[in-house]
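For reference, the structure discussed in these notes is given below.
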Protein chains: 2
Amino acid sequence: MARTVTRTRRTRPSADQTRERILAAALDLFSDRGFDGASTREIAQRAEVTQPLLNYHFSSKDDLWRAAVDGLFAALTRAMTDRTAGLRGVDELTAARLLVREFIAFSAEMPQLHRIITQECKVDGPRMDWLVERHVRPMYDGITALFSALTEQGHLPAIPPAHLYYILTGAAPTMFVLGPECRRLSGLDPTSDEVVDAHADAVCMFLFGH
Amino acid sequence: MARTVTRTRRTRPSADQTRERILAAALDLFSDRGFDGASTREIAQRAEVTQPLLNYHFSSKDDLWRAAVDGLFAALTRAMTDRTAGLRGVDELTAARLLVREFIAFSAEMPQLHRIITQECKVDGPRMDWLVERHVRPMYDGITALFSALTEQGHLPAIPPAHLYYILTGAAPTMFVLGPECRRLSGLDPTSDEVVDAHADAVCMFLFGH
DNA sequence: GTCTATAATTAGATAGAC
DNA sequence: GTCTATCTAATTATAGAC
């Protein structure tokens with residue numbers, strides 16, 4: 001039997017679509033302009049709704065920000081676990097290389113990730129607390145555990161994991177985070193597949209020596 | 001004969017000091033909150049003057065931003081050329097290692113540099129044009145020229161200069177730019193000399209292999 | 001659910017006294 | 001030079017019609 005929706009839904013069908021449009025617009029503008037710089041009017045305009053509707057679906061600008069960030073990290077987690085799923089039985093070094101490449105591809109497609117973290121680090125307020133404890137720390141713990149294993153196996157130089165973490169999270173996304181600058185300086189298009197692949201090659205060469 | 005100021009000065013002595021206080025406050029707040037997020041009222045408050053005085057010394061918020069950024073890059077240029085001055089006759093590899101260490105030390109002391117570039121990249125407007133052409137391109141040209149020479153000599157892996165540039169400008173300052181996050185995640189103090197030195201060691205290890 | 005209208009706050013800039 | 005007072009515009013959030 002096909003699954004039927006028996007529970008009476010409390011929201012109209014149009015609302016889900018509207019929420020998604022608002023969330024997508026919010027992510028773009030929060031990451032481009034920061035929390036304060038992004039106005040709810042402009043988010044509403046990009047989502048093609050009126051501004052008070054944001055307060056209907058998300059009770060405040062702050063709640064909207066949190067919902068948009070949750071969606072961003074959900075996409076990152078999905079990309080990384082999808083990649084990991086195909087890696088049963090593969091040695092840790094190969095797995096690490098593929099995860100680094102996946103992280104770079106994600107950073108190129110969604111530079112919003114690094115941009116929002118950078119933005120909130122500067123403000124260093126309650127949104128930062130929430131962001132670190134809810135989303136960043138699990139990522140940090142997983143990456144440093146993998147790096148420690150690789151260092152023990154001699155595949156990475158003996159560098160404290162925290163430094164390794166910030167070398168990776170700096171070297172991987174900066175070309176895309178500073179995309180407009182990169183375009184002006186080098187003439188390269190940091191959104192093109194060739195440049196993303198070349199950057200993944202470069203970072204792997206840098207990290208693993210080949 | 002000691003140099004005497006014979007030219008009649010058009011400004012009162014107090015004004016220079018006031019301008020400097022305003023510039024320092026502006027740099028801090030622009031880099032922490034971005035151009036839009038920083039209010040001239042708050043800059044004035046931190047500089048211990050009233051808000052209309054900013055419009056007296058700098059004709060607009062935009063001009064104040066430019067003056068603050070000029071000061072920041074002047075400090076960077078001074079740090080790097082002071083370092084270079086003592087390097088006559090030293091081979092290019094040693095010079096590059098010392099310059100990388102100097103850049104990391106500067107990034108740790110003045111994370112405002114990378115923060116302001118990141119902020120303006122997101123907005124990608126006329127301030128970005130000004131910033132790239134006036135300040136960033138000379139830096140980029142110098143660094144990529146040095147890297148190309150080192151790659152030809154076999155001291156660096158064969159990575160295109162643009163990618164090397166963004167690996168360096170990502171790996172070097174990110175730990176300090178995301179300082180508040182780093183503190184929470186690792187317990188390290190990214191402003192301490194030990195951590196800055198350890199990070200310079202780590203980056204040089206990856207870049208030069210030792 | 002989605003709208004129009006608006007309240008309450010805050011922003012950057014200017015006028016003018018001293 | 002530096003201040004107080006104020007203008008105009010833009011912000012987030014709320015009230016209430018449909």
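Per chain, numbering begins at 1; letters A, B, ... match sequence-line order.
Residues passing the ring pair (Phe, Tyr, Trp, His ring centres under 6.0 Å) test with B:Tyr165, sequence neighbours excluded: B:Tyr140.
Atom OH in A:Tyr56 sits roughly 4 Å away from atom P in C:dG1 (whole-Å rounding). Regarding A:Asp16, its CG atom lies at a distance of 10 Å from the P atom of C:dT2, rounded to whole Å. Taking atom CG on B:Leu53 and atom P on D:dT2, their separation rounds to 5 Å, with Å as the unit. For the pair B:Gln17 CD and D:dT2 C1', the computed distance is 14 Å after rounding to whole Å. Between the P atom of C:dT10 and the CD1 atom of B:Ile43 lies a distance of 17 Å, rounded to the nearest Å. Put simply, CZ on A:Phe58 is 16 Å from P on D:dT14, counting in whole angstrom units. Taking atom CZ on A:Arg21 and atom P on C:dG1, their separation rounds to 15 Å, with Å as the unit. What separates CZ of A:Arg33 from P of D:dA10 is a distance of 14 Å, to the nearest Å.
In the region residues 115-125 of chain B, proximity to DNA chain C at under 4.0 angstrom, judged on heavy atoms, holds for none of the residues.
Sorted by first and then second residue, the salt bridge (charged side-chain N to carboxylate O under 4.0 Å, His left out) pairs with a member in residues 161-185 of chain B read A:Asp124-B:Arg184, A:Asp129-B:Arg184, B:Arg183-B:Asp189; sequence neighbours excluded. Pairs passing the ring pair (Phe, Tyr, Trp, His ring centres under 6.0 Å) check and including a residue from residues 105-134 of chain A, sequence neighbours excluded, read A:Trp65-A:Trp130, A:Trp130-A:His135. Evaluation of the salt bridge (charged side-chain N to carboxylate O under 4.0 Å, His left out) test over residues 22-31 of chain A, restricted to residues two or more places apart or in two chains, returns A:Asp28-A:Arg46. Applying the ring pair (Phe, Tyr, Trp, His ring centres under 6.0 Å) definition to pairs two or more places apart or across chains, those involving residues 171-197 of chain A are A:Phe176-A:His199. Here salt bridge (charged side-chain N to carboxylate O under 4.0 Å, His left out) pairs that include residues 48-63 of chain B, with residues two or more places apart or in two chains, are B:Asp62-B:Arg66, B:Asp62-B:Arg127.
The side chain of B:Thr50 has D:dC3 as its nearest neighbour among D:dC3, D:dG1, C:dC3. Comparing atom distances between the A:Val49 side chain and each of D:dT2, C:dC3, C:dT2 picks out C:dC3 as nearest.
No donor-acceptor distance shorter than 3.5 angstrom exists from the side chain of A:Arg137 to the backbone of A:Val132, with no hydrogens or angles considered.
With salt bridges taken as basic N to acidic carboxylate O contacts below 4.0 Å, none links A:Arg33 and B:Asp36.
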Exercise answer: donor-acceptor pairs, residues 78-86 of chain A side-chain atoms, under 3.5 Å, sequence neighbours excluded:
residue	atom	partner	partner atom	Å
A:Thr81	OG1	A:Thr77	O	2.8
A:Thr81	OG1	A:Arg78	O	3.2
A:Thr84	OG1	A:Met80	O	2.7

Sugar-phosphate or base contact per nucleotide [nucleotides 12-18 of chain C; S, B, -; heavy atom under 4.0 Å]:
BBB----
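Within the structure, a side-chain polar atom (N or O) of B:Thr18 is placed less than 4.0 Å from OP1 or OP2 of D:dT2.
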